[in-house]
Every structure is written in C-alpha cells, then in structure tokens.
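Read the structure below first, then the notes.
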2 protein chains.
Amino acid sequence: MIDRQHLHILHAIAHTGTLTEAASELCLTQSALSHAIKKLEQQFAIKVWNKSGRRVQLTQSGELLLSFAKRVLPQFEHVETQLQQIAKGERGTLRIGMECHPCYQWLLTVIKPYIQQYPDIDVDVRQQFQFSALGALLEFDIDLIITPDPLHHEQIDYQPVFDYEHVLAVSAHAKLADRAFVEPMDLRDETLITYPVEQSRLDIFSRFLTPVGGSVKRHKIIETTEIMLHMVAANRGVAALPRWLVNQYAPVIPIKAVSLGEHGIQKSIYLGTRKHGDNPPFLQAFTSLAKAR
Amino acid sequence: MIDRQHLHILHAIAHTGTLTEAASELCLTQSALSHAIKKLEQQFAIKVWNKSGRRVQLTQSGELLLSFAKRVLPQFEHVETQLQQIAKGERGTLRIGMECHPCYQWLLTVIKPYIQQYPDIDVDVRQQFQFSALGALLEFDIDLIITPDPLHHEQIDYQPVFDYEHVLAVSAHAKLADRAFVEPMDLRDETLITYPVEQSRLDIFSRFLTPVGGSVKRHKIIETTEIMLHMVAANRGVAALPRWLVNQYAPVIPIKAVSLGEHGIQKSIYLGTRKHGDNPPFLQAFTSLAKAR
DNA sequence: TAATTCGATGAATTTAATTCATTGTTTAAT
DNA sequence: ATTAAACAATGAATTAAATTCATCGAATTA
C-alpha cells in the first residue's frame with residue numbers, strides 16, 4: 001500500500017538527488033529510505049529508482065509517484081492546517097437550532113457582532129428543528145439551542161441570556177389597548193393567535209389562563225410573526241409575544257403591548273448546550289457574547 | 001501526522017456507522033480503529049467523533065477528514081492501478097534515443113505498428129542525444145538507442161535489426177554517377193559532406209579512406225539530411241549515406257547511389273539496451289517487432 | 001592509489017500498530 | 001423492570017513494522 005511516508009521520501013529524493021541528503025531532510029537514516037522503498041518495490045513488482053553512479057535516478061514508476069506526491073502532499077498539509085485551526089477554535093461551524101419564532105430577531109443582534117469578531121466561523125442557523133431542537137442537540141446535529149422553554153435534561157446545560165416580558169399584543173384600536181394590564185377573564189371573548197406549538201408549551205395557557213380556568217373564544221394557528229402581527233393590527237385576534245418584539249413593530253404596524261396580569265409574565269431566552277462532548281471554543285465565545293448583550 | 005490509514009478508517013466509519021462494522025470491513029479490530037483515531041485526536045487536540053448512543057457521530061473535524069478521504073483515497077487507488085499496469089508492462093513510456101540521422105526514417109516504419117499494438121505505451125523519441133546517446137542510456141534518461149555504430153560497452157547489449165549498404169550519394173549529373181562503384185582514389189578531388197560526428201565514427205573514413213591512406217579535397221559538415229541531399233544534387237559535394245535512403249529520395253532529388261568499393265560497405269542498424277536495470281516488458285516487445293521487420 | 005561518498009543489505013533494535021481482555025453504556029428483548 | 005446483546009473505550013500484552021546499526025561494494029574525487 002502506498003503510504004504518505006513513501007510520498008515524502010520520493011519528494012525529498014527528487015529535490016536532493018541522493019538518499020543520504022533526503023534522509024537527513026526527513027530526519028531519518030539513509031537505510032530507512034532504502035528499506036521503505038524497497039518494500040514498496042517488492043509489493044508492486046516495480047523499480048522506483050536506479051542507481052546511476054552514486055546518485056539515484058527515478059524510473060517511470062518513480063516519476064509517477066513523484067508527481068502524485070507533489071499533487072497530494074500539499075493537500076495533506078492543508079487539511080492538517082485546517083484541523084489545527086479547528087483545534088484552536090479559529091475555524092468551525094456554529095450550528096444553532098432555533099426553538100422559538102421570535103428568538104430569531106434577538107439572535108440577529110448577537111450574530112452580527114459575532115461574525116465580525118470570528119470571521120472564520122461559519123454560523124449555521126437551523127430552523128427546521130423549531131419544535132424539537134433538544135433531540136438534535138443530543139444527536140450532535142447542532143451545538144446550541146435557543147429557546148424560551150428550557151426543557152430539563154440531564155446532559156443539557158441552560159443559561160439565560162436575555163430577560164423579557166411576555167405581553168399581549170392587541171390592535172391599537174382595540175378596547176384592550178388602553179388597559180395597563182389584562183386579566184384572564186378579559187380574553188374570554190377574544191381570538192388568540194399562536195405559533196403551532198403544543199398548548200402546554202404556550203405560556204399564555206400554562207401561566208395565565210389554565211391556572212385560573214380561563215379560556216379564549218377561538219385559538220388560531222399562524223406560523224409567521226409578521227402575518228400574526230398584521231392579523232392583530234386588523235383586530236382579528238390577540239397574540240402573546242415578547243414586549244420588545246411588539247415594541248419593535250409598533251411604529252410601523254398599529255399594535256400595542258399590554259401586560260398579562262398585574263405583574264406581567266417574566267420570561268428569559270436560554271442558550272442550551274451539551275454538558276459533555278466537544279463543545280468548541282467558539283461556542284463558549286458565542287454564549288459569552290450573548291450574555292454580555 | 002494524518003496517514004492514509006486514518007482516511008480509510010474515517011471512510012469505513014462513515015458508511016457503516018459503527019466502529020465494529022468498520023473494523024471488520026478493514027480486517028482489523030474495533031480496538032485498533034479506536035486507538036488509531038485516539039492518537040490522531042491527541043496529536044491535533046481535536047475530537048474526530050462523539051459517541052451518540054452506541055453509535056458514533058463525526059464531529060466537524062471528522063467531517064473534514066471524511067471529505068478529504070473521499071477526495072484523496074480514490075487517487076491513491078488510481079496511482080496503485082497505474083503502478084500495477086507499469087509492472088505488467090501495460091503502461092509506460094518507451095524512451096528512444098536516436099544516434100543517427102537517417103535512422104529516423106527506418107524508425108517510423110517500426111513505430112507505426114508498435115503504437116497500434118501497445119496503445120497505452122507512450123513512445124518518446126529524443127533526438128537531442130544524437131551524438132552521445134550512450135551516456136543517456138547509462139544514465140537512465142532513455143531506455144533504447146538506435147545507432148549504426150554499436151560502441152562497445154560492458155553494460156550495453158546491442159542487437160542488429162536492419163542491414164543496409166552504406167553508399168556514396170552523388171549528383172545524377174556527376175561524372176561518378178555512372179560508375180558501378182568508386183575507389184578511395186576517386187574521392188581525392190571531391191568535397192565530402194557529413195553529419196557533425198567525430199571522424200573516427202564515420203565509416204567512409206574508417207572503413208574506406210583511412211585504411212588505404214585516401215583523403216578528400218574538402219570536408220563539409222551539414223546537420224540535416226535534406227539539405228545535405230540538395231547540396232549533393234547540385235554537385236556541391238558527395239555524401240556517404242544508406243542506400244535505401246538515397247533510393248528513397250532519388251525520385252524527387254536528382255541523386256544517385258554508388259557503392260563504396262567493389263563489395264560495398266555493409267552496415268546494420270543496432271538497438272542498444274542496458275543489460276541490467278529495469279528494462280520494461282514493452283521494450284522487449286519493441287526489439288522483437290523491430291527484428292521481425 | 002587511497003580516501004571518500006553513496007546506496008544496498010542483513011541483523012538488531014526500537015517504535016508503532018494491533019490485539020486481547022475487560023469495563024461501562026446504551027439499546028433491545030424478555 | 002431485568003436481562004441480554006451490542007457497542008466503544010481503555011490498559012496491558014503482543015505482534016508487526018519501521019528504523020537504526022554496522023558493513024559491504026561500487027563510484028567518484030583527491
């Protein structure tokens with residue numbers, strides 16, 4: 001079997017002309033090279049070089065191997081450089097799984113400075129795991145999940161990175177728009193618009209309506225934030241969303257944020273990572289940057 | 001150092017999914033793969049895979065190595081195939097050194113059937129060694145010399161492949177044109193045109209003039225056959241050349257062949273090869289074909 | 001002609017690769 | 001819930017391979 005070492009030997013021979021010099025270049029003895037190539041020659045029943053005087057002269061097989069060596073050895077070196085960059089955290093792909101729709105807006109504000117600071121790190125945001133990113137994290141398909149609902153798991157480490165209030169988005173012209181906050185009973189005759197998530201993971205149910213036996217008139221599912229907000233603005237329903245998100249759209253879409261209950265629903269965005277495994281350095285860098293923000 | 005074996009391991013892992021299966025594919029134990037990659041990991045301070053359940057999941061480093069393996073392993077296999085072809089004599093370059101100008105004409109008639117019979121053998125005819133091909137043969141720069149002058153050498157084996165008569169080419173209108181043969185004395189007042197070779201290697205001197213103390217009026221050096229023949233036709237001199245060569249040009253250039261001496265000078269074209277060394281099988285095939293012709 | 005340089009080679013040695021035997025997990029089956 | 005089977009990791013033992021050492025012979029240089 002042709003081995004990388006054989007290629008190194010051929011290469012060294014080619015530009016020194018003698019075994020002895022080539023050997024010292026490779027920090028080996030002349031004997032080692034001679035034996036190594038002899039073995040290759042026996043394996044393939046070829047000659048790699050011929051003695052010509054007291055130098056060596058490559059045969060056709062030797063020239064073939066040499067040209068292969070010149071082509072392929074730099075590729076090995078390149079891959080090794082890349083591995084070293086990965087080891088030093090200078091290169092890699094940060095694979096992020098998103099589990100919440102509105103988190104994306106927040107994520108952008110973190111990614112922007114991150115990619116400037118780490119130009120050789122590819123950032124790969126995957127939204128297809130929207131509702132089951134945990135499994136993907138455990139399967140090493142992603143390295144980080146961003147979620148407002150830190151489902152407890154033995155091997156996952158969560159860290160809060162951003163606090164916000166979960167509020168009710170209502171049309172600026174709705175009768176609830178002037179209220180300082182709403183009570184569960186106020187939603188009895190409203191249409192509630194939510195993302196397509198199981199009800200137990202929607203805070204407006206689990207932390208607002210369900211505890212006091214409240215309910216809504218209708219429950220409508222919408223996937224995209226923008227359409228959801230336009231529906232709200234048109235007074236076709238209300239939606240529970242982060243306050244910062246509602247405020248961000250308020251100047252362009254006539255909507256208003258109203259607290260859910262007297263004290264509001266306090267939430268956080270969490271970053272989830274595997275406790276064990278090979279978390280690369282640039283992942284730590286990302287979480288640090290996210291927390292500092 | 002990344003080794004070819006590491007790439008084989010990565011490749012096997014990738015399409016089996018488990019160390020155990022990959023190991024049996026490579027005719028090794030699971031332990032061997034584990035140790036081999038562990039060493040690589042330590043060397044580069046990386047992780048190549050992570051355990052995910054009881055399978056194994058490649059990391060980014062692992063994927064990098066895998067894609068490299070997929071790219072480079074086929075190249076190794078290709079080169080090995082080429083080496084085997086060389087070993088079996090199915091592939092190679094027949095490097096021929098020409099030592100005589102007129103031999104080229106003869107060579108063409110041999111090469112034509114040869115390249116049809118051996119389509120994977122490149123034929124490389126080098127004329128730059130015209131007057132010192134022997135050294136090139138001993139230095140392994142060529143594998144075969146074609147020469148009418150088999151300079152004896154311990155390590156060179158000569159075989160005659162083509163007999164011909166060395167004749168004097170004269171203008172069709174010259175007074176010597178009607179002679180059955182010329183004597184050395186007839187050249188006393190002639191201009192002799194030869195190739196630029198040392199005089200001792202010119203048969204007209206060594207086998208015709210010098211033995212009887214003959215000489216010529218002038219000795220002119222010309223490198224190319226065509227010009228030489230035109231000079232002869234214009235009666236500007238005479239030249240010693242193979243009869244078949246003169247006859248070949250006679251229909252288009254007004255020249256005539258006259259024997260040198262009553263019995264003529266009989267010559268042969270020889271093929272010279274190294275007695276020892278790595279003479280490839282297709283070289284033997286060439287000499288056989290040349291002799292059969 | 002002698003001294004030097006170089007590659008080849010067999011034997012000895014060192015180094016590296018591989019296996020063996022075992023452990024701890026994970027998954028599937030009972 | 002328990003057990004059994006499948007799997008990867010690991011340290012120690014073993015085997016295989018690479019490398020060196022010590023010479024030799026051939027080629028070149030002084």
Side-chain angles (χ1 to χ4, degrees), chain A residues 1-10 12-43 46-59 62 135 138-140 153-155 274-278, chain B residues 1-10 12-44 46-59 62 134-135 138-140 153-155 274-278:
Chain A
M1 192 170 89
I2 301 172
D3 209 6
R4 185 176 175 186
Q5 182 71 345
H6 295 126
L7 303 185
H8 280 296
I9 292 173
L10 261 292
I13 291 280
H15 80 97
T16 61
T18 73
L19 279 202
T20 310
E21 280 184 81
S24 81
E25 186 177 297
L26 298 173
C27 299
L28 289 172
T29 61
Q30 163 264 320
S31 182
L33 309 208
S34 187
H35 282 298
I37 298 299
K38 186 177 184 65
K39 195 181 164 193
L40 191 72
E41 288 180 332
Q42 287 171 344
Q43 232 172 76
I46 55 168
K47 280 231 102 188
V48 171
W49 60 55
N50 284 105
K51 279 189 70 167
S52 136
R54 59 188 185 191
R55 298 172 73 85
V56 290
Q57 180 85 18
L58 294 189
T59 61
L138 290 169
E139 289 292 316
F140 292 87
H153 189 287
E154 183 62 33
Q155 296 175 38
R274 290 181 296 272
K275 280 177 182 165
H276 315 294
D278 67 329
Chain B
M1 193 169 90
I2 301 173
D3 210 4
R4 184 175 173 186
Q5 181 72 344
H6 294 126
L7 302 185
H8 280 296
I9 293 174
L10 262 291
I13 291 280
H15 79 97
T16 60
T18 73
L19 279 202
T20 312
E21 280 183 81
S24 79
E25 186 177 298
L26 298 174
C27 300
L28 289 172
T29 60
Q30 164 265 318
S31 182
L33 310 208
S34 187
H35 281 299
I37 298 299
K38 187 178 184 65
K39 195 181 164 193
L40 191 71
E41 289 181 332
Q42 287 170 346
Q43 229 170 80
F44 285 91
I46 54 169
K47 279 232 101 190
V48 171
W49 60 55
N50 284 105
K51 280 188 70 167
S52 140
R54 59 187 185 191
R55 295 173 76 82
V56 108
Q57 179 88 18
L58 294 188
T59 61
L134 194 63
L138 291 168
E139 290 289 319
F140 293 89
H153 190 286
E154 183 63 32
Q155 296 173 37
R274 289 182 296 272
K275 280 179 182 163
H276 314 293
D278 66 329

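No experiment lies behind these values; they were computed from the predicted model shown. Below, chains carry the letters A, B, ... as their sequence lines are ordered, and counting in each starts from 1.
A donor-acceptor pair under 3.5 Å is absent between the side-chain atoms of A:Thr16 and the main chain of A:Glu21, judged by distance alone.
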*How does protein reach along nucleotides 7-17 of chain D, written 5' to 3' as B (base within reach of a heavy atom under 4.0 Å), S (only sugar-phosphate), or - (no contact)?*
SBBBBB-----

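What separates CG of B:Leu40 from P of C:dA16 is a distance of 15 Å, to the nearest Å. Atom CG in A:Leu28 sits roughly 10 Å away from atom C1' in D:dT20 (whole-Å rounding). When rounded to the nearest whole Å, the span between CG of A:Asp3 and C1' of D:dT19 equals 15 Å. Distance A:Leu58 CG to C:dG7 P: 12 Å, rounded to the nearest Å. The separation between A:Ile37 atom CD1 and C:dT9 atom C1' is 16 Å, rounded to whole Å.
Atoms CD1 and CD, from A:Ile9 and A:Gln5 in turn, are 5.0 Å apart once rounded to the nearest 0.5 Å. How far CG of B:Leu26 is from CG of B:Leu19: 10.5 Å, rounded to the nearest 0.5 Å.
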Residues 31-43 of chain A side chain polar contacts: donor-acceptor under 3.5 Å, at least two apart:
| residue | atom | partner | partner atom | Å |
| --- | --- | --- | --- | --- |
| A:Ser31 | OG | A:His35 | NE2 | 3.4 |
| A:Glu41 | OE2 | A:Val48 | N | 2.7 |
| A:Gln43 | OE1 | A:Met1 | N | 2.0 |

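With sequence neighbours excluded, no residue forms a side-chain hydrogen bond (donor to acceptor under 3.5 Å, both in side chains) with B:Arg55. With sequence neighbours excluded, the residues satisfying side-chain hydrogen bond (donor to acceptor under 3.5 Å, both in side chains) with B:His8 are B:Arg4.
Residue A:Leu33 is out of contact with every strand shown, counting any heavy-atom pair closer than 4.0 Å.
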